[in-house]
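Before any comments, here is the structure.
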Amino acid sequence: MKFLISNDDGYFAPGIATLAETLSRHGEVVVVAPERDRSGASNSLTLDRPLNVRKAANGFFHVNGTPTDCVHVAVTGLLDFRPDMVFSGINHGPNMGDDTIYSGTVAAATEGFLLGIPSVAVSLAGKSGAHFATAAAVVDRLMERLLREPFHTPVLLNVNVPDIPLDQLKGMTVTRLGRRHYAEPVIKAQNPRGDTVYWVGPVGPAQDAREGTDFWALANNQASVTPLMLDLTAYGQLDGIKTWLHS
């Protein structure tokens, strides 16, 4: 198999090196990732300037753009082959619930999916980043399953792995996205010039962490595997909006 790997932490992040090493056991790997940390970039494309692609000493390509830029440039122009799969990660930190809307990690996988390629976003859900090996083992298990039974249509999977030793992991489970409360307030500060600046505050606590959600899985030492879709249509509101519009 041929894999395209990207992330939002940057080409120098330990998680992407771990992911590249893991997937290299299953096929050919090419890494195309942002030149710097682009966490929270979501599905943004750079349209106001050209993009540069450079190759680092470790063989990874880095782009002065977003995670979405990286996958788009790689698939539509840089590579001389079409990847069989796109992997994004291994992110340092969770991408669960509402976080997926903002996540650059999920965005890179999403771009692969939009280009018709089965894609997987992988995140290590913890602050310490102590157990990337556990996330790598989960990727290995997913690949073993994929090799036995490949996807016949493009899928988009969001995988979160608890930051615990592998012997404490209680398996993988298919989940739905949970929900968070709204984010904490912005943090007001002053820069050295005396200007008022604002830091975006931390995410809020989980609002919906019931059994079956990604939050529940991680709290119970399980890796969550959440299939995502991109149709944002609120089908349940179609008739109501038609009535409102034409009344």
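Numbering starts at 1 and runs along the sequence shown.
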List in chain and number order the residues that pass side chain to side chain donor-acceptor pair (under 3.5 Å) with His92, two or more places apart in sequence or in another chain; answer none if no residue qualifies. none

I want to check something: taking the side chain as every heavy atom from C-beta on, are Thr196 and Lys188 in contact at a cut-off of under 4.5 Å? yes

Does one hydrophobic cluster hold both Val155 and Leu114, with members joined at side-chain heavy-atom distances below 4.5 Å? no

Within the structure provided, determine whether Leu147 and Met1 are in side-chain contact (heavy-atom separation under 4.5 Å). yes

Is Asn160 reaching over with its side chain to a backbone N or O of Asn95, donor-acceptor style, under 3.5 angstrom? yes

Value for OG1 (Thr243) from CD (Gln237), rounded to nearest 0.5 Å, stands at 12.5 Å

Could you measure the distance from the NE2 atom of His72 to the CG atom of Asn43? Nearest 0.5 Å is fine. 13.0 Å

Short question: side chain of Thr22, backbone of Thr18 - any donor-acceptor pair under 3.5 Å? yes

Note: Ala135 and Leu124 closest approach over all heavy atoms is CB-CD1, 4.2 Å

Quick one: are Trp199 and Val186 in side-chain contact, heavy atoms under 4.5 Å? no

Test log, rule side chain to side chain contact (heavy atoms under 4.5 Å, CB included), inputs Arg176 and Arg210: CA-CA 10 Å; Arg176 63 178 176 84; Arg210 291 173 291 178; 3.5 Å; yes

Checking side chain to side chain donor-acceptor pair (under 3.5 Å) for the pair Tyr235/Asp231: CA distance, chi angles, key distance, verdict? CA-CA 10 Å; Tyr235 289 99; Asp231 186 349; 2.3 Å; yes

Applying the 4.5 Å side-chain criterion to the ILVMFWY set and letting contacts propagate, would Phe113 and Val86 be lumped into a single cluster? no

Can a donor-acceptor pair be found, under 3.5 Å and without considering hydrogens, that links the side chain of Ser42 to the backbone of Ile101? yes

Any donor-acceptor N/O pair, Asn220 side chain to Trp216 backbone, under 3.5 Å: yes

Any side-chain heavy-atom pair of Val71 and Leu4 under 4.5 Å: yes

Give a yes or no answer on whether the side chain of Ser119 reaches the backbone of Ile117 with a donor-acceptor pair at less than 3.5 Å. yes

Roughly how far apart are Asp195 CG and Asn191 CG, rounded to 0.5 Å? 4.5 Å

Taking C-beta and beyond as the side chain, do Ser88 and Val120 meet within less than 4.5 Å on heavy atoms? no

Shared hydrophobic cluster, Val75 / Phe87 (ILVMFWY, side-chain heavy atoms < 4.5 Å): no

In terms of the angle between their ring planes, are Tyr11 and His62 parallel, tilted or perpendicular, with boundaries placed at 30° and 60°? parallel

Answer yes or no: is there a donor N or O on one side and an acceptor on the other, between the side chain of Thr175 and the main chain of Ser224, under 3.5 Å? no

Any link between Leu78 and Leu115 through a network of hydrophobic side chains (Ile, Leu, Val, Met, Phe, Trp, Tyr) touching at under 4.5 Å? yes

Please determine if Asp140 and Arg25 form a salt bridge, counting it only when a charged side-chain N lies under 4.0 Å from a carboxylate O. yes

Test log, rule side chain to side chain contact (heavy atoms under 4.5 Å, CB included), inputs Leu218 and Gln222: CA-CA 5 Å; Leu218 272 290; Gln222 298 183 58; over 6 Å; no

Between Ser103 and Asp99 (side chain of the first, backbone of the second, donor and acceptor by atom type, cut-off under 3.5 Å), is there such a pair? no

Tightest non-hydrogen contact, residues Pro67 and Ser6, listed as O-OG, 4.2 Å

Co-membership, hydrophobic cluster, residues Phe60 and Met85, 4.5 Å side-chain: yes

With the side chain counted from C-beta on, respond yes when Met172 and Val138 share a heavy-atom pair under 4.5 Å apart, and no when they do not. yes

I'd like to know if Glu149 pairs up with Arg145 as an ion pair, taking the criterion as any Lys NZ or Arg NE/NH1/NH2 lying under 4.0 Å from an Asp or Glu carboxylate oxygen. yes

So, do Arg179 and Met96 sit near enough that their side-chain heavy atoms are less than 4.5 Å apart? no

For a quick test of reading the model, state the closest non-hydrogen atom pair linking Phe132 to Asn91 and the distance between them. CE2-O, 4.2 Å

Asp69 side chain to Thr46 backbone, donor-acceptor under 3.5 Å: yes

Cation-pi check, Lys2 to Phe81: give yes when NZ or CZ is under 6.0 Å from the six-membered ring centre and within 45° of the ring axis, no otherwise. yes

First locate atom OG1 of Thr66, then atom CZ of Arg38, and finally report the distance between them rounded to the nearest 0.5 Å. 6.0 Å

Measure across Asn221 and Leu169 and return the closest heavy-atom pair with its distance rounded to 0.1 Å. O-CD1, 3.5 Å

Main-chain N/O of His131 paired to Asp163 side chain as donor or acceptor, under 3.5 Å: yes

Over all heavy atoms of both residues, which pair between Thr173 and Ala217 is shortest? Give the atoms and the distance, please. CG2-CB, 3.6 Å

Does Leu157 form a side chain to side chain contact (heavy atoms under 4.5 Å, CB included) with Phe151? I'd like the steps, not just the answer. CA-CA 12 Å; Leu157 300 181; Phe151 294 126; 3.9 Å; yes

If only atom types and distance count, is the side chain of Asp214 paired as donor or acceptor with the main-chain N or O of Gly97 below 3.5 Å? yes

Counting only heavy atoms not in Phe12 (residues, nucleotides, ligands), do more than 12 fall under 6.0 Å from its CZ? yes

I need the single residue from Ile90, Asn7, Asp8 that forms a side chain to side chain contact (heavy atoms under 4.5 Å, CB included) with Thr105. Which is it? Asp8

Under a 4.5 Å cut-off applied to non-hydrogen side-chain atoms, are Phe61 and Val30 in contact? yes

First locate atom CG of Leu146, then atom CZ of Arg148, and finally report the distance between them rounded to the nearest 0.5 Å. 9.5 Å

Could you walk me through whether Met143 and Leu23 pass the side chain to side chain contact (heavy atoms under 4.5 Å, CB included) test, one step at a time? CA-CA 8 Å; Met143 284 309 308; Leu23 290 175; 3.8 Å; yes

